[in-house]
Amino acid sequence: MGFKSIDYFNIDELYTEEELLIRDSIRKFVDDEVIPIIEQYYFDGKYPEHLTPKLAELGVFGITLSEEYGGAGANYTSYGLAMQELERGDSAVRSFASVQNSLVIYPISRYGTEEQKRKWLPRLVRGEAIGCFGLTEPDFGSNPAGMITTAKRTDGGFLLNGAKMWITNGTVADVAVVWAKLDGEIHGFLVEKGTKGFSAPEMRGKHSLRASVTSELIFEDCEIPEENILNIAGLRGPLSCLNQARYGIAWGAIGAALAVFHSALEYSKSRIQFGKPIAKFQITQEKLVWMLNEITKAQLVCYRLGRLMDEGKARPEHVSFAKRNNVDIALECARIAREIHGANGILGEYPVMRHSANLESVKTYEGTHEIHTLILGRDITGEDAFE
Ligand code: TGC
Ligand code: FAD
């Protein structure tokens, strides 16, 4: 039998048959093909490349994209449920799908010319092309508005100079969506693999998201043809993409929390100390109930957020709320689950330490916990901490 998730408030009853079908097909894939292999890839510091065509076959790339460009044309709730299941396997697999969907397919479909869409979208959906998204720079993380990567106009296009850092899939990407300042204003450019003056060395030495490729992007008089500029200007271009990716992360975090919760619950019933299962101790029960509470609240927030996204009523602040809360509680669940597993919790035999280490990155990327706090603080007080 496949994974049976806790659903304390019968939230499944609120989903449509189609939404549950999409979730369950990905749930099965994660049980059969991700969980059995991911620990070794994590340990070796490698992304399991062989999963990419299988993810494409399952329709994971371009879930919400219109069928005209090869997408599944499904709703945001289905997208969220898919991200939840992928991150139950590992944050790296969800990251891969987040970047491909929200940070590459989304900007090309929203801001691309018809030619750019026809060239890239069907290949990205089929997993035949991989994309990455370059916003963060060595000196500008939380404050991307300060970026110093520049684009200068030339006769046939643009000349890009600068560097990006911490870019998921940079080294393996066929196309990079890169944000740079042109005449002082932020613009998006499609930089193709092999372009002269462009390199993407892999960053090594991570203790988190080890099964994900993370890279620098370096531009040294990199020549970009005129037709590779996206049709958007200003910070709202990249921020609108982040909104999509943060939405997926809010759901993904529930998946990671479910993985560690179920592991801790099972372990607590079978581990005997002082002649009893540790589940019999009140302190263990309190820990498990804390996780149950927080996971259930996170599930309800995401259910509602999904519907708001589908109705076109979600504000970026709603997304910040969900990303901030759900990643925070997932990380806390992972730390508590590690405690419940005792020393065994640090072993790769159980998923808790891997999820815990991954969630440290997830709490930082796509807007740190503090940045989302300040986005929400600005919304309710009217006072802008970033000015
Ligand atoms: P602000 O004045 O707030 O906004 C500037 C313009 O952008 C619009 N906007 C948004 N539009 C859509 N979605 C959103 N979420 C938006 N947030 C803002 C806004 O309406 C405005 O538009 P306009 O037309 O009036 O110009 O700008 P600010 O400078 O005050 O923003 C500050 C701050 C800190 C909130 C922003 O810079 C921020 O969010 N910083 C965090 C940076 C970040 O999240 N980086 C992530 C990099 S990518 C990544 O981590 C990928 S991980 C992938 C993986 O592996 O899963
Ligand atoms: P900083 O911005 O230097 O922040 C350091 C600390 O200061 C944080 O705690 C932060 O919350 C705090 N801080 C900063 N400003 C304020 C403030 N105003 N008030 C209070 N506290 C503040 N980026 C991409 O563009 N593309 C990617 O694909 C991508 N993938 C990533 C993958 C991984 C594994 C990781 C770890 C990061 C990735 N990132 C990516 C980068 C990520 O988005 C940034 O790390 C993140 O935005 C934070 O930037 P920073 O690390 O420079 O931290």
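Values below: every heavy atom of this structure, side chains too, minus hydrogens, waters and symmetry copies. FYI, the numbering just counts along the sequence from 1. In this text, all values refer to a predicted model and were calculated from it rather than measured experimentally. Start at 1 and go down the list; that is how both ligands and their atoms are numbered.
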_contact_flag R246 ligand 1 heavy-atom lt 4.0 Å_ = yes
_Pair Y41 and Y47, ring centroids less than 6.0 Å apart_ = no
*Going by heavy atoms in the side chains, are T16 and T77 under 4.5 Å from each other?*
no
*Would you say N143 has any N or O atom under 3.5 Å from an N or O of ligand 1, going by distance alone?*
no
*Of the side chain and backbone of T136, name the one, both, or neither that has a heavy atom under 4.0 Å from an atom of ligand 2.*
both
*With heavy atoms of R94 as the reference, note each atom of ligand 1 found under 4.0 Å away.*
56 (O)
*Which pair of non-hydrogen atoms, one from I130 and one from V172, has the smallest distance, and what is that distance?*
CB-O, 3.9 Å
_Partner of Q299 under side-chain contact (heavy atoms from CB on, under 4.5 Å), chosen from L14, D12, I254_ = I254
_Determine whether any protein heavy atom is located less than 4.0 Å from atom 12 (C) of ligand 2._
no
*asked:* Yes or no: does G141 have any heavy atom under 4.0 Å from an atom of ligand 1?
replied: yes
*Should P48 and I38 count as side-chain neighbours, where that means a heavy-atom distance under 4.5 Å?*
yes
*Side chain proximity check, N358 to Y42, heavy atoms < 4.5 angstrom*: yes
*So which protein heavy atom does atom 45 (N) of ligand 1 come closest to, and at what separation?*
L242 CD1, 3.7 Å
*At a 4.0 Å cut-off, with the gap strictly under it, does some heavy atom of L374 reach an atom of ligand 2?*
yes
*Could you tell me the residue and atom name of the protein heavy atom closest to atom 32 (C) of ligand 1, and the distance to it rounded to 0.1 Å?*
F386 CD1, 3.9 Å
*Under 4.0 Å from a heavy atom of T168: give me the atoms of ligand 1 that qualify, with their elements.*
54 (C), 55 (O)
*Is E128 salt-bridged to R123, cutoff N-O under 4.0 Å?*
no
*Is atom 25 (O) of ligand 2 less than 4.0 angstrom from some protein heavy atom?*
yes
*Aromatic centroids of F3 and H262 separated by under 6.0 Å*: yes
*Run the salt-bridge test on R210 and E39 with the 4.0 Å N-O cut-off and return the result as yes or no.*
no
*Numbered atoms of ligand 1 (with element) below 4.0 Å of S240, judged on heavy atoms*: 12 (C), 13 (N)
*Report yes if T136 has an N/O atom closer than 3.5 Å to an N/O atom of ligand 1; otherwise report no.*
no
*Taking C-beta and beyond as the side chain, do Q116 and K119 meet within less than 4.5 Å on heavy atoms?*
no
*Does a side-chain heavy-atom distance below 4.5 Å link L103 with E366?*
yes
_Backbone or side-chain N or O of E370 under 3.5 Å from ligand 2 N or O_ = yes
*With a cut-off of 4.0 Å, which atoms of ligand 1 are near a heavy atom of S95?*
54 (C), 55 (O), 56 (O)
_Heavy-atom contact check, 4.0 Å cutoff: does G234 meet ligand 1?_
no
_Which residue and atom name correspond to the protein heavy atom nearest atom 52 (S) of ligand 1, and how close is it?_
Y365 CG, 3.5 Å
*Any idea which atoms of ligand 2 are less than 4.0 Å away from a heavy-atom of E366?*
43 (O)
_Can you check which of S102, P238, S142 brings a heavy atom nearest to atom 41 (C) of ligand 1?_
S142
_Cluster link I340 to L359, ILVMFWY, side chain under 4.5 Å_ = no
*In a check of side-chain contact (heavy atoms from CB on, under 4.5 Å) between L160 and each of T195, V191, T150, which one passes?*
V191
*Checking side-chain contact (heavy atoms from CB on, under 4.5 Å) for the pair L135/F133: CA distance, chi angles, key distance, verdict?*
CA-CA 6 Å; L135 180 65; F133 180 90; 3.7 Å; yes
*asked:* With heavy-atom distances below 4.5 Å as the criterion, would you say the side chains of I218 and P201 are in contact?
replied: yes
*Before signing off on this row, confirm whether L135 and ligand 2 have an N or O atom pair separated by under 3.5 Å.*
yes
*Is there a side-chain contact between P144 and L235 (heavy atoms, below 4.5 Å)?*
yes
*asked:* Taking distance alone, with N or O pairs closer than 3.5 Å, would you say N143 contacts ligand 2?
replied: no
*Give me the ring orientation class for W251 and Y15: parallel if the planes are under 30° apart, tilted from 30 to 60°, perpendicular past 60°.*
tilted
_Contact between L230 and F189 at the side-chain level, heavy atoms closer than 4.5 Å - yes or no?_
no
*For P316, counting its heavy atoms only, list the atoms of ligand 1 lying under 4.0 Å from any of them.*
13 (N), 14 (C), 15 (N)
*Compute both the distance and the angle, then confirm whether R378 meets the cation-pi test with F386: under 6.0 Å from the six-membered ring centre, within 45 degrees of the axis.*
no
*Under 4.0 angstrom from atom 5 (C) of ligand 2, is there any protein heavy atom?*
no
*Is any N or O atom of G367, backbone or side chain, closer than 3.5 Å to an N or O atom of ligand 1?*
yes
*Kindly identify the option in E366, K164, E387, K323 whose heavy atom sits closest to atom 50 (O) of ligand 1.*
E366
_Verify same cluster id: I186, F219 (apolar side-chain graph, 4.5 Å)_ = no
*asked:* Please classify the H372 to ligand 1 contact at 4.0 Å (heavy-atom distances, strictly less than): side chain, backbone, both or neither.
replied: neither
_Identity and separation of the nearest protein heavy atom to atom 24 (O) of ligand 1_ = R236 CD, 2.9 Å
*Got the closest protein heavy atom to atom 9 (N) of ligand 1, with its distance?*
L239 CD1, 3.8 Å
*Proximity of H369 to ligand 2 by residue part, where a heavy atom lies under 4.0 Å*: neither
*Using a heavy-atom cut-off of under 4.0 Å, does the side chain or the backbone of V319 touch ligand 1, or both, or neither?*
neither
*asked:* Give me the nearest non-hydrogen protein atom to atom 37 (O) of ligand 1 as residue plus atom name, then the distance to 0.1 Å.
replied: P144 CD, 3.4 Å
*ligand 2 contact on T368 by region, counting heavy-atom pairs under 4.0 Å*: side chain
*Which is closest to atom 35 (C) of ligand 1 in terms of heavy atoms, N169, D384, L235, I375?*
I375
*Can you list the atoms of ligand 1 that are under 4.0 Å from a heavy atom of V99?*
53 (C), 54 (C), 55 (O)
*So which protein heavy atom does atom 2 (O) of ligand 1 come closest to, and at what separation?*
R378 NH1, 4.4 Å
*Enumerated ligand 2 atoms positioned under 4.0 Å from heavy atoms of L209*: 34 (C)
*Is the shortest N/O to N/O distance between T168 and ligand 2 below 3.5 Å?*
yes
_Heavy atoms only: which of W166, F133, W179 lies closest to atom 29 (C) of ligand 2?_
W166
*Can you tell which of D32, D31, D24 makes a side chain to side chain donor-acceptor pair (under 3.5 Å) with K28?*
D32
_List ligand 2 atoms under 4.0 Å from I167, heavy atoms only on the residue side._
24 (C), 25 (O), 26 (N), 27 (C), 28 (O)
*Mark whether atom 34 (C) of ligand 2 lies under 4.0 angstrom from at least one protein heavy atom.*
yes
_Tell me whether the rings of Y76 and Y247 are parallel (<30°), tilted (30 to 60°) or perpendicular (>60°)._
perpendicular
